[in-house]
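Okay, so here's the structure we're looking at.
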Amino acid sequence: MAAERFDRTGESPFASETSGMAAREHILVVDDEPGIRKLLQQYLSQQGYRVDTAANGEAMLRALEDAERAGRRAVDAVILDLVMPGEDGLSLMRRVRQSHDVAIIILTLKSEATDRVEGLEQGADDYVTKPFNLRELLARLKSVRRRVKAAGPSSAQAAGRDSPSAVRFDGWLLAMTTRELTSPSGERVALSPGEFDLLAAFVRNPRRLLSRDRLLALSRDRE
């Protein structure tokens with residue numbers, strides 16, 4: 001698919017804008033359209049990223065697992081199309097969040113505002129609308145990666161190393177490993193990935209004043 005469809009700047013979409021590059025950060029592009037996969041692989045590779053592609057959810061999950069199992073650099077970010085044949089992107093994103101600590105940028109159609117909102121609620125770090133501008137996508141990718149690095153290990157990772165497996169506060173119980181919240185009356189309270197990360201940020205920093213920017217970094221700027 002022609003690059004001009006996605007880049008509206010009039011400039012060559014493959015001009016490198018990154019010096020020294022992000023230490024070959026590993027990006028996985030998941031989209032059922034071969035043209036988009038090829039375009040993003042070429043463009044992001046030109047920017048210095050290591051890029052793999054997947055045509056569907058099954059291939060995406062296999063790529064994530066293979067990267068970790070082979071001891072190679074784990075995937076740092078997934079660029080995920082929400083509308084694909086088979087399992088939809090929102091369902092796939094929930095599965096990824098359960099077992100992989102990776103930044104996720106979703107691709108949506110401009111008209112699908114509901115999908116964007118639901119994607120953010122389910123744990124996406126950012127979104128880009130189709131047709132997209134390559135330089136905007138690159139800027140959002142860099143921004144997401146900066147926030148992830150500033151936040152350090154995710155709450156799920158930190159729970160296994162620096163935090164207790166469960167935290168009690170005012171009668172509530174937050175299970176850090178299973179990401180579950182139980183009320184004082186014993187009822188299970190459903191939390192979106194973003195809600196859990198925000199609550200975990202508070203309980204891991206008791207009696208500390210957290211700025212807005214710090215909270216955004218700790219919760220990865222999820223809605």
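As the structure is a computational prediction, the values presented were derived from the model and not from experiment. The figures that follow rest on heavy atoms only: side chains count, while hydrogens, waters and symmetry mates do not. Residues: numbered from 1 along the sequence shown.
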(request) Looking only at non-hydrogen atoms, find the nearest pair between Asp88 and Leu90 and report the distance. (result) OD2-N, 3.0 Å
(message) Between the side chains of Arg145 and Asp125, is the shortest nitrogen-to-carboxylate-oxygen separation below 4.0 Å, so that they form an ion pair?
(response) no
(request) Could you check if a side-chain atom of Leu141 sits within less than 4.5 angstrom of a side-chain atom of Val128, using non-hydrogen atoms only? (result) no
(message) With a 4.5 Å cut-off on side-chain heavy atoms, are Ile27 and Leu40 touching?
(response) no
(message) Give me the atom names and distance for the closest heavy-atom approach of Leu92 to Met60.
(response) CB-CE, 3.8 Å
(request) Check the hydrophobic clustering (I, L, V, M, F, W, Y; side-chain heavy atoms under 4.5 Å; chains of links allowed) and say if Leu61 and Met84 are grouped together. (result) yes
(message) So, taking the atom named CD in Glu25 and the one named CD in Gln47, what distance separates them when rounded to the nearest 0.5 Å?
(response) 13.0 Å
(request) Considering non-hydrogen atoms only, spot the tightest contact between Leu191 and Glu195 and give its length. (result) CA-OE1, 3.5 Å
(request) Indicate yes or no for a side-chain donor-acceptor contact from Arg37 to the backbone of Asp31 under 3.5 Å, with no hydrogens or angles considered. (result) yes
(request) Could you tell me whether the side chain of Asp115 reaches within less than 4.5 Å of the side chain of Tyr127, counting heavy atoms only? (result) no
(request) Give, for atom CG of Leu80 and atom CG of Leu28, the distance between the pair rounded to the nearest 0.5 Å. (result) 9.0 Å
(message) Does Glu58, at its CD atom, have more than 12 non-hydrogen atoms belonging to other residues, nucleotides or ligands within less than 6.0 Å?
(response) no
(request) Provide the closest heavy-atom pair for Pro184 versus Trp172 in the form atom of the first, atom of the second, distance. (result) CD-CE2, 3.4 Å
(message) Between Asp81 and Lys130, does any side-chain N to carboxylate O distance fall below 4.0 Å?
(response) yes
(request) Could you tell me the separation between the CG atom of Leu174 and the CD atom of Glu180, rounded to the nearest 0.5 Å? (result) 9.5 Å
(message) Can you list everything that forms a salt bridge (Lys or Arg N to Asp or Glu O under 4.0 Å) with Arg168? Sequence neighbours excluded, please.
(response) none
(request) Give a yes or no on whether Arg95 atom CZ has more than 12 heavy-atom contacts from other residues, nucleotides or ligands under 6.0 Å away. (result) no
(message) As an exercise, state the distance from CG of Asn133 to CZ of Arg140, rounded to the nearest 0.5 Å.
(response) 10.5 Å
(request) Please round to the nearest 0.5 Å and tell me the distance separating atom OH of Tyr49 and atom CG of Asp76. (result) 9.5 Å
(request) Evaluate the side-chain proximity of Leu138 to Leu44: yes if any heavy-atom separation is below 4.5 Å, no if none is. (result) yes
(message) What I'd like to find out is whether the side chain of Asp197 reaches to under 4.5 Å of the side chain of Arg179, using heavy atoms alone.
(response) yes
(message) Could you report the tightest heavy-atom contact between Ile106 and Gly119, atom names first, then the distance?
(response) CD1-CA, 3.9 Å
(message) For Val29 and Tyr43: C-alpha separation, side-chain torsions, deciding distance, then whether side chain to side chain contact (heavy atoms under 4.5 Å, CB included) applies.
(response) CA-CA 12 Å; Val29 176; Tyr43 178 67; over 6 Å; no
(message) If hydrophobic clusters are built from ILVMFWY residues whose side chains come within less than 4.5 Å, do Leu173 and Leu181 share one?
(response) no
(message) I'd like to check Arg94 versus Pro193 (side-chain heavy atoms, cut-off strictly below 4.5 Å). Are they in contact?
(response) no
(request) Determine, step by step, whether Ser91 and Glu87 satisfy the side chain to side chain donor-acceptor pair (under 3.5 Å) criterion, reporting the C-alpha distance in whole Å, the side-chain angles of both residues, the deciding distance to 0.1 Å, and the verdict. (result) CA-CA 7 Å; Ser91 174; Glu87 189 173 1; 2.6 Å; yes
(request) Could you grab the distance from atom CD1 of Ile79 to atom OG1 of Thr53, nearest 0.5 Å is fine? (result) 11.5 Å
(message) Checking the side chain of Arg116 only, and the main-chain atoms of Leu109 only, is there a donor and an acceptor separated by less than 3.5 Å?
(response) yes
(request) Heavy atoms only: give me the nearest Ala67-Val75 pair and the separation to one decimal. (result) CB-CG2, 4.3 Å
